[in-house]
Amino acid sequence: MLVPLSWLRDFAPFEGDPKFLAETLDDLGLVVEGVKHVGEGLEDVVVARVLEINAIAGADKIRQVMVDAGGEPLSVVCGAWNFAVDDLVALAPVGAVLPGDFAIAMRKMKGVTSNGMLCSGRELELTEDHDGILVLGKAGESGAPVPGERLVDALGIVPDVVFDIAVEANRPDAWCMAGVARDLAARLRLPFTIAVPPEPAHNESATEAVSIAVVDDDLCPRFTARVLTGIEVTASPDWVARRLTLAGMRPINNVVDASNYVMLELGQPTHPYDLDQVAGHGLRIRAARPGETVTTLDGMERRMGERAIVPSDDRRDCVICDGNDVAIGIGGVMGGESSEISATTTRVLLEAAYFTPMAIARTTKRLGIRSEASARFERGCDPEGIDRAALRLCQILSLTAGPQFRVDPETIDVRGPVPKATNVRVRTARVNAMLGSDLDDGAVTGYLERIEFRCQVAGPGQIDVTVPTFRPDTSREIDVIEEVARHHSYSALPRRRPAAPQVGHLTPYQKERRLVRSVVAGLGAHEAWTPALLAPGDHGRAGMGDDGVKVANPLTPDESVLRRSILPGMVKALAFNAARRQDDMRLFEIGHVFPPPDEERIKRAFARTGETVIDEREMLAVAFAGPGDDARTAAGAWMALAEAIGVDDVDFIQSSGGDSGDSVPGGLHPSRAARLVMGGSDQKQGEAWAGRGTMIGVVGEVDPGVLAAFGVDAERQRVGWLEVDLDFLLNTAHRRQEVVTAVSRFPSSDVDLAFVVDDAITAADVAKTLRHAGGELLEAVTPFDVYRGSGLPVGTRSLAFRLRFCALDHTLTDAEVGELRRLCIEAVEQAHHAQLRA
Amino acid sequence: MSGATGDDSNDAVLVAEATARVAGTASLDDLSALESELLGKKSTLAVAQRSLAALSLEAKREAGQRLQAVRKQIEAIVAERRAMLEEVARAERLAADRLDLTEVRGVPWRGHLHLVQRTRDELEDVFVGMGFAVAEGPEVETDWYNFEALNMPPAHPARGMWDTLYLDLGEPETVVLRTHTSPVQIRLMQAKFPPIYAVMPGRCYRRDTPDARHIPTFNQIEGLVIDRGISFADMAGTIEAFTTAYFGPDIHSRLRPSYFPFTEPSAEFEVTCTICGGDGCRTCSHTGWIELGGCGMVDPAVLAAVGLDDEMWSGFAFGFGIDRCAQMRHEIPDMRVLLENDVRLLRQI
């Protein structure tokens with residue numbers, strides 16, 4: 001809201017540095033977002049009459065203008081073309097300093113002397129216009145200024161300061177000049193008064209019987225109507241037009257301007273109808289019938305009551321109808337085109353009403369329409385400020401409406417359930433408990449009475465407060481306490497720090513999640529932040545089926561689907577980088593994914609007992625796209641990660657390929673992917689526990705087809721992939737015991753064994769068999785070679801392991817090692833139909 | 001080399017000659033050859049020593065001792081020379097092994113944590129140091145958690161402060177992508193009886209057109225304290241303590257009245273401009289202050305929504321943008337880059 005200081009001064013004698021006033025407003029919560037000085041720097045500008053306009057040889061953009069500025073004719077060079085001889089214009093003579101410290105000096109252009117500058121509206125900061133210079137009128141016209149007269153005198157310009165104030169949604173009272181002045185005067189302890197408008201000149205009796213019927217007074221609890229006659233529609237007085245302009249509104253005509261002026265000054269919207277265009281000489285205020293239409297002032301046809309904004313929405317939009325019950329306006333939102341004030345209007349039906357804030361809020365949302373009036377009504381106007389506003393409008397209109405202007409003596413006032421002033425018991429002890437302050441009853445009542453909250457001390461520390469009707473935000477003790485805090489000043493309140501009764505901490509999950517991030521970053525992956533909202537079809541392109549949960553009102557279609565996996569977003573990030581010639585990288589992300597919920601779950605979420613709508617899973621995803629990276633890189637990274645957090649019982653379940661395609665994780669290379677499954681190992685046999693068989697993630701390689709679908713060159717680069725459910729990983733998966741085992745002081749013995757094994761049997765299985773067979777004496781199994789090719793049957797490969805044996809209490813004898821070797825060979829040969837390779 | 005069996009002067013000549021020749025050797029091989037020539041079985045010295053057998057016992061002893069002394073001297077000279085040549089050879093070998101340590105290939109990759117996540121970690125750590133726990137909640141919420149329990153019934157005008165993304169779940173406009181982290185306050189108060197001292201970081205979503213300072217997906221951190229006797233002064237002190245701890249001892253906070261439906265009294269909190277240190281600059285519009293977030297005393301209506309007695313319990317809440325803190329600290333000119341994942345940016349910090 002743009003607030004001219006001069007307007008505020010109508011209510012209280014504000015003095016002093018505008019910067020100080022702005023800081024005071026800030027501290028009251030009326031945040032000043034800008035301060036503009038207007039009409040300054042114009043002291044030297046004079047009115048000049050154009051005497052002649054001459055072309056300048058060799059110049060086609062500028063001309064010489066001879067002007068009379070009250071002395072000898074002056075030569076000025078000018079580049080504008082929007083004026084003629086005898087026009088009155090604004091001249092900044094040599095030596096003048098214009099707004100923005102723009103000093104005017106004598107110049108010579110193409111040999112012609114320029115003794116100043118003819119100014120545009122924008123150069124003078126009077127208007128936004130910069131298409132030509134400011135033309136003030138023609139010399140000799142009645143009321144035209146005289147050449148040589150100071151521009152500020154000619155236009156009645158007084159330097160002013162305009163504050164741009166952001167008013168919070170809960171302060172409708174402050175959304176007007178009077179309201180800002182009230183708060184500021186209270187803080188500065190200045191007397192504040194709103195002048196009572198005089199009674200207007202009345203007709204002797206009503207000129208026209210007008211009937212007002214409020215059918216639905218829950219939507220419109222108070223409606224007043226006055227009939228204004230003998231109106232000449234013309235321009236507003238200059239000071240009205242200037243104030244409207246400074247406040248950011250365009251002057252239109254004296255009737256509309258008076259309505260806008262009153263709204264800006266007092267916060268009460270009013271609506272003038274051209275009475276002769278209202279059929280049936282009356283108004284009916286009622287809820288619209290669904291589908292009923294109104295053509296509003298802006299020329300748009302609006303359909304009422306059609307869209308429900310919440311399930312329980314009654315879809316009741318308040319419409320104003322003429323006497324024939326035809327809707328001609330949307331109550332409190334926008335008037336209709338049919339009864340708009342025009343140049344020929346002579347009689348006005350003036351509406352000043354109070355509409356129910358929530359009803360207006362719903363209507364503006366349903367219809368997607370907003371106006372200065374609706375914004376005020378939906379926040380809550382003062383139901384008792386209506387008459388003052390109507391009288392003020394009549395007062396301002398009377399200045400220009402002509403000698404015949406009269407107001408009918410009868411005011412129609414239909415009152416329904418109008419909100420009443422609220423009474424609140426305020427306890428001084430409670431004030432101090434909430435604020436940490438040390439205020440006494442006198443201080444509390446002092447702050448409140450200065451903003452027109454009536455106070456009566458009912459007993460020590462007990463104050464009965466009557467909240468004025470213009471403060472709908474204040475209805476409870478805590479609301480009053482806020483007012484005390486505001487006027488005492490937040491910065492004057494003490495500061496202390498509460499002692500938390502607990503030791504600050506992260507949960508074990510949160511700590512380990514940080515560890516996971518460090519480990520993965522240590523493996524060379526950069527942490528990314530990919531969008532949780534994907535484009536339709538992204539899941540399909542990533543081989544993951546349907547889209548899942550959709551956004552009902554996306555900003556763009558590209559961000560309209562909630563991800564079920566991090567994979568599509570991550571591959572997009574790889575593609576984004578590849579397009580910028582950044583190819584080799586590893587990326588990871590920890591973020592939520594959103595599996596579509598079933599109906600039952602949604603119902604439970606609405607029970608408000610803590611259930612979430614979607615079983616959101618926090619996932620770790622890592623893409624390995626460095627030189628030479630592939631599924632093995634991902635598998636190795638998984639092993640390093642599992643080792644770092646001590647998870648020791650997760651198996652790789654790899655699809656056997658071929659027809660059993662169903663077990664291939666979506667989006668991954670069918671023969672280079674495995675599911676990570678908890679607790680399937682023989683070591684856990686017989687143990688019944690919840691996690692057994694739960695899939696906690698996938699590891700492998702992104703399907704080259706998926707890479708290609710997102711624009712990543714699958715020929716150039718394989719992309720290893722690891723995606724793990726962090727909840728399962730950190731909260732459920734089996735952990736090795738954090739107990740140290742003694743290491744042997746005796747020398748160890750190594751045995752190298754190579755087996756020819758069928759391709760279907762995993763190296764992990766063979767290693768597991770070896771570990772089992774080697775028992776306690778087997779210190780380590782290290783795979784060291786894989787060989788395929790000549791000398792081996794097709795469909796097999798040789799897997800070589802180094803076994804290191806060691807006993808805690810003695811050096812193993814050759815015989816012992818030989819026996820262990822034999823046991824291991826036998827176990828592998830039997831379990832896997834493998835053959836020891838000679 | 002005549003007169004090997006001669007007298008002292010002969011010996012001196014012999015030693016001098018050997019010294020000169022040893023000094024003339026350039027390699028260990030030369031030295032070894034010379035050594036056997038001077039001291040080996042066929043050397044003049046050895047021949048002379050062997051020839052002593054013919055002398056009288058006394059003469060034999062006297063000459064033997066003399067020649068043995070000569071042999072010792074020459075051996076010492078050779079040993080010294082050998083040590084010297086070995087040192088030279090070792091130095092040459094190592095010199096040949098010289099490496100340019102900047103000639104590095106295959107530097108191990110080190111990944112970088114995302115700067116927003118790092119900022120979140122740092123903020124969490126500051127609050128943990130102040131005795132807070134860290135709580136988290138879902139990103140998809142019902143309207144009740146996101147709005148209604150926070151004192152915003154349906155169609156409440158204040159809902160316009162958040163441009164909301166709704167999901168196609170349940171009845172229309174009842175399931176939202178959370179517009180702030182405040183619903184976690186409600187979940188926390190439902191799950192745990194006071195006292196509560198917690199911060200709640202997480203991703204939020206708004207239907208905002210992205211620009212240099214706003215992105216539709218962003219990270220917020222929320223704080224909530226509920227205890228007996230908590231006042232506005234506790235809030236102001238907590239925010240000040242956080243501000244100096246996170247931004248540094250010269251950065252302070254101030255509060256000014258504002259409006260949020262879920263707090264009363266409500267405040268904006270601003271911190272000293274980190275660019276100009278409060279002197280006033282373009283970044284802070286010459287005010288010396290930068291707006292960071294909102295805060296306030298938890299509204300009794302919110303306490304009522306979770307069944308807490310507002311006469312017994314009071315508290316405060318605050319919230320601000322993690323991305324905004326990252327933007328301030330790392331001077332990120334345009335927030336939109338945070339969502340692009342350009343690796344050239346990710347690996348900078």
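Letters go in sequence order (proteins before strands), and every chain restarts at 1.
Taking chain B as the reference chain and counting heavy-atom pairs below 4.5 Å, the highest number among A:Ala485, A:Ser560, A:Pro554 is found for A:Pro554. Options B:Asp227, B:Ile196, B:Val175 differ in how many heavy-atom pairs under 4.5 Å they form with chain A, and the most are formed by B:Val175. For the set B:Val176, B:Asn219, B:Leu115, the count of heavy-atom pairs under 4.5 angstrom toward chain A peaks at B:Asn219. Comparing B:Thr238, B:Val140, B:Thr287, B:Leu177 by how many heavy-atom pairs each has under 4.5 Å with chain A, the most go to B:Val140. The most heavy-atom pairs under 4.5 Å with chain A, out of B:Pro300, B:Gly129, B:Pro195, come from B:Pro300. Ranked by heavy-atom pairs under 4.5 Å with chain A, the first of B:Ala267, B:Ser258, B:Ala241, B:Ser314 is B:Ser258.
Residue B:Glu270 does not touch chain A at all, counting heavy-atom pairs closer than 4.5 Å. Residue contact with chain B, scored on non-hydrogen atoms closer than 4.5 Å, involves the side chain of A:Val549 exclusively.
Atom-to-atom distance recorded for B:Asn341:CG and A:Lys572:NZ is 12.0 Å, nearest 0.5 angstrom. A distance of 5.0 Å separates CG of A:Asp584 from CH2 of B:Trp109, quoted to the nearest 0.5 Å. Atoms CG and CE, on A:Leu435 and B:Met297 in that order, are 8.0 Å from each other to the nearest 0.5 Å. Going from atom OG1 of A:Thr507 over to atom CD of B:Glu136 covers 7.0 Å, rounded to the nearest 0.5 Å. Taking CG of B:Leu339 as the reference point, atom CH2 of A:Trp529 lies at 5.0 Å (rounded to 0.5 Å). For the atom pair CD of A:Gln510 and CD of B:Glu124, the computed distance is 6.0 Å after rounding to the nearest 0.5 Å.
Listed for the A:His526 side chain is no donor-acceptor partner under 3.5 Å among the backbone atoms of B:Leu346. Panel note: side chain A:Asn553, backbone B:Thr164; a donor-acceptor pair is recorded below 3.5 Å. Of the possible donor and acceptor atoms, one in the side chain of A:Glu527 sits under 3.5 Å from a partner among the backbone N and O of B:His114.
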Q.
Run the side-chain contact (heavy atoms from CB on, under 4.5 Å) test on B:Val343 and A:Phe576 for me, step by step, so that the C-alpha distance in whole Å, both residues' side-chain angles and the decisive distance to 0.1 Å come before the verdict.
A. CA-CA 9 Å; B:Val343 75; A:Phe576 178 92; over 6 Å; no
(Q) I'd like to know whether B:Glu311 forms a salt bridge (Lys or Arg N to Asp or Glu O under 4.0 Å) with A:Arg427, so could you lay out the CA-CA distance, the side-chain angles of the two residues, the decisive distance to 0.1 Å, and finally the verdict. (A) CA-CA 12 Å; B:Glu311 287 289 325; A:Arg427 297 160 293 171; 2.8 Å; yes
Q. Can you list the steps and then say if A:Glu611 with B:Arg187 is a salt bridge (Lys or Arg N to Asp or Glu O under 4.0 Å)?
A. CA-CA 9 Å; A:Glu611 176 74 290; B:Arg187 291 184 176 274; over 6 Å; no
Q. Between B:Arg256 and A:Glu168, is a salt bridge (Lys or Arg N to Asp or Glu O under 4.0 Å) present by the stated rule, with each step listed?
A. CA-CA 12 Å; B:Arg256 64 170 195 220; A:Glu168 298 289 352; over 6 Å; no
**Q.** Stepwise salt bridge (Lys or Arg N to Asp or Glu O under 4.0 Å) check, B:Asp234 with A:Arg497
**A.** CA-CA 5 Å; B:Asp234 294 307; A:Arg497 197 144 73 73; over 6 Å; no
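Inter-residue side-chain proximity for B:Asp121 and A:Arg514 is flagged as met; some heavy-atom pair is nearer than 4.5 Å. Using a 4.5 Å heavy-atom cutoff, the side chains of A:Gln502 and B:Tyr197 are in contact.
Annotation for B:Lys192: atom NZ counts as buried by contact number, over 12 foreign heavy atoms lying within 6.0 Å. Other residues, nucleotides and ligands place no more than 12 heavy atoms under 6.0 Å from the CD atom of A:Glu599.
Among pairs with a residue in residues 297-307 of chain B, those fulfilling salt bridge (charged side-chain N to carboxylate O under 4.0 Å, His left out) read A:Arg476-B:Asp299, at least two apart in sequence or across chains.
In this structure, a donor-acceptor pair under 3.5 Å is absent between the side chains of A:Thr609 and B:Gln190. A:Arg608 and B:Thr142 are not linked by any side-chain donor-acceptor pair at a separation below 3.5 angstrom, with hydrogens and angles left out of the test.
Minimum interatomic distance between A:Thr530 and B:Arg203 (heavy atoms only, all atoms of both residues): O-NH1, 3.4 Å.
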